[in-house]
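Below you'll find the structure, written out as structure tokens, and then a few comments.
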Amino acid sequence: MTDFFTANYQGSPFELFGTAHFAALVALVILNLFLLRFKNTSDGTKSAIRWMLALILLVNEIAWHYWNYINGRWTIQTMLPLNLCSVLVWVGALMLITKNYRVYEFMYFMGIAGAIQALATPGIGIYGFPHFFFFQYFLSHGLIITSAIYMTVVEGFRPTWKSMLRVAIWMNIYVVIVYFINSAIGSNYLMINYRPDTPSLLDLLPGWPIYILYMELLGVISILLLYLPFVVKDARSRYLLNRDNDSRLESISK
């Protein structure tokens, strides 16, 4: 148990796309598929699941902050809830409890896109399975995606074109605010002041500040891809509606 929480972990380090990495991703996929079965259950059951997901998000995040604090790693340069996934953990819990649609828009577009990137290239260093940080990291980022999917499929929420515009505008405002906070306290939240040392997709992009433009472009592409299922769904609905109308007109004309 000591090794589970130790800061000086001596176990096997995290291996990108190793067995433990793939197992964690598969477990998250299974969890999402399991929760989808509650689509046609009672409102009380759905509410209980939302509260359960919210509490897990909050307890998991508080435990992460406490672990860093007792190990002397909690600093304002690294632990403020300003990174995208960090802030979405807190507001995501709020969304689950209150069913706030404006928060949902950010959870769906920014949460899913950001958490997928984080799960694909986890920045957890030496803390491989079965360390506390390994479980905390995958649970935190995984439940961001799960919360957005649950609200979409089970609770019936969906984004719109206006949602994309609102998310894009407010995210750019947020980025500017965080940039000045970084400059003031010497941090690098959102990775916008300089390229991080840990491996990430930014390693494939040009240096600062050009990679910020690429991040903007990748963000737009991610949003469009996440909205694509709804474009297809709406197009299919219009096709079926027009087909039914044509059938009725044809039957009347006969």
Side-chain angles (χ1 to χ4, degrees), residues 22-65 81 84-116 118-119 132 134-167 170 222-245:
F22 277 115
L25 296 178
V26 170
L28 292 172
V29 171
I30 292 174
L31 172 63
N32 280 277
L33 293 175
F34 172 75
L35 290 177
L36 297 185
R37 66 190 293 269
F38 293 97
K39 179 178 181 180
N40 297 318
T41 57
S42 66
D43 290 341
T45 300
K46 293 178 182 178
S47 177
I49 294 174
R50 293 200 319 272
W51 272 92
M52 179 186 66
L53 291 174
L55 289 174
I56 293 174
L57 276 171
L58 293 175
V59 171
N60 187 58
E61 191 69 6
I62 292 171
W64 165 239
H65 282 266
L84 183 60
C85 289
S86 295
V87 69
L88 287 178
V89 165
W90 299 100
V91 299
L94 175 66
M95 173 199 71
L96 289 164
I97 294 171
T98 65
K99 299 179 68 172
N100 186 295
Y101 180 77
R102 289 291 181 261
V103 176
Y104 162 78
E105 294 175 327
F106 286 87
M107 288 293 289
Y108 183 81
F109 287 121
M110 294 291 96
I112 293 179
I116 285 178
L119 292 172
F132 159 75
F134 176 90
F135 290 100
Q136 191 281 332
Y137 185 94
F138 280 97
L139 188 61
S140 175
H141 292 85
L143 287 189
I144 289 175
I145 298 175
T146 297
S147 299
I149 293 177
Y150 182 84
M151 295 302 294
T152 303
V153 178
V154 178
E155 295 289 351
F157 283 36
R158 62 157 292 174
T160 65
W161 289 105
K162 290 183 178 180
S163 298
M164 291 192 290
L165 181 60
R166 281 191 292 265
V167 169
W170 282 108
S222 297
I223 286 176
L224 292 175
L225 288 175
L226 286 169
Y227 193 68
L228 183 59
F230 299 98
V231 174
V232 174
K233 179 182 178 181
D234 292 343
R236 184 173 183 275
S237 297
R238 287 194 297 270
Y239 168 76
L240 293 176
L241 179 61
N242 291 334
R243 188 185 65 179
D244 291 341
N245 290 336

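Source: prediction; values computed, not measured. Residue numbers run from 1 in the order of the sequence given.
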Do the non-hydrogen side-chain atoms of [X] and [Y] ever get within less than 4.5 Å of each other?
{"X": "Leu96", "Y": "Met52", "value": "no"}
{"X": "Leu224", "Y": "Val231", "value": "no"}
{"X": "Glu105", "Y": "Lys162", "value": "no"}
{"X": "Arg50", "Y": "Met95", "value": "no"}
{"X": "Asp234", "Y": "Arg158", "value": "yes"}
{"X": "Tyr108", "Y": "Tyr227", "value": "no"}
{"X": "Met164", "Y": "Pro159", "value": "no"}
{"X": "Leu36", "Y": "Tyr150", "value": "no"}

I'd like to know if the side chain of [X] and the backbone of [Y] have a donor-acceptor N/O pair within less than 3.5 Å.
{"X": "Ser47", "Y": "Gly44", "answer": "no"}
{"X": "Tyr137", "Y": "Ala118", "answer": "yes"}
{"X": "Ser237", "Y": "Lys233", "answer": "yes"}

Could you give the distance from [atom1] ([X]) to [atom2] ([Y]), rounded to the nearest 0.5 Å?
{"X": "Cys85", "Y": "Leu119", "atom1": "SG", "atom2": "CG", "value": "8.0 Å"}
{"X": "Ile149", "Y": "Ile144", "atom1": "CD1", "atom2": "CD1", "value": "12.0 Å"}
{"X": "Leu143", "Y": "Leu35", "atom1": "CG", "atom2": "CG", "value": "9.0 Å"}
{"X": "Leu94", "Y": "Leu57", "atom1": "CG", "atom2": "CG", "value": "11.5 Å"}
{"X": "Asn100", "Y": "Met151", "atom1": "CG", "atom2": "CE", "value": "9.0 Å"}
{"X": "Ile116", "Y": "Ile145", "atom1": "CD1", "atom2": "CD1", "value": "4.5 Å"}

- [ ] Would you indicate whether Trp170, at its atom CH2, is surrounded by more than 12 heavy atoms from other residues, nucleotides or ligands within a distance under 6.0 Å?
- [x]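 Not more than 12 within 6.0 Å, no.
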Task: Pairs involving residues 31-41, ordered by first then second residue, that meet side chain to side chain donor-acceptor pair (under 3.5 Å) (sequence neighbours left out) - done: Asn32-Thr146
- [ ] Kindly assign one of parallel, tilted or perpendicular to the pair Phe157 and Tyr101, based on the angle between their ring planes and the thresholds 30° and 60°.
- [x]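 Tilted.
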Open item on the list: Students often mix this up, so state it plainly: with edges at 30° and 60°, are the rings of Phe134 and Phe138 parallel, tilted or perpendicular?
Closed with: tilted
Show the nearest heavy-atom pair for residues [X] and [Y], with the distance to one decimal.
{"X": "Ala93", "Y": "Ala54", "result": "O-CB, 3.8 Å"}
{"X": "Ser140", "Y": "Val89", "result": "OG-CG2, 3.4 Å"}
{"X": "Val103", "Y": "Gly92", "result": "CG1-N, 4.5 Å"}

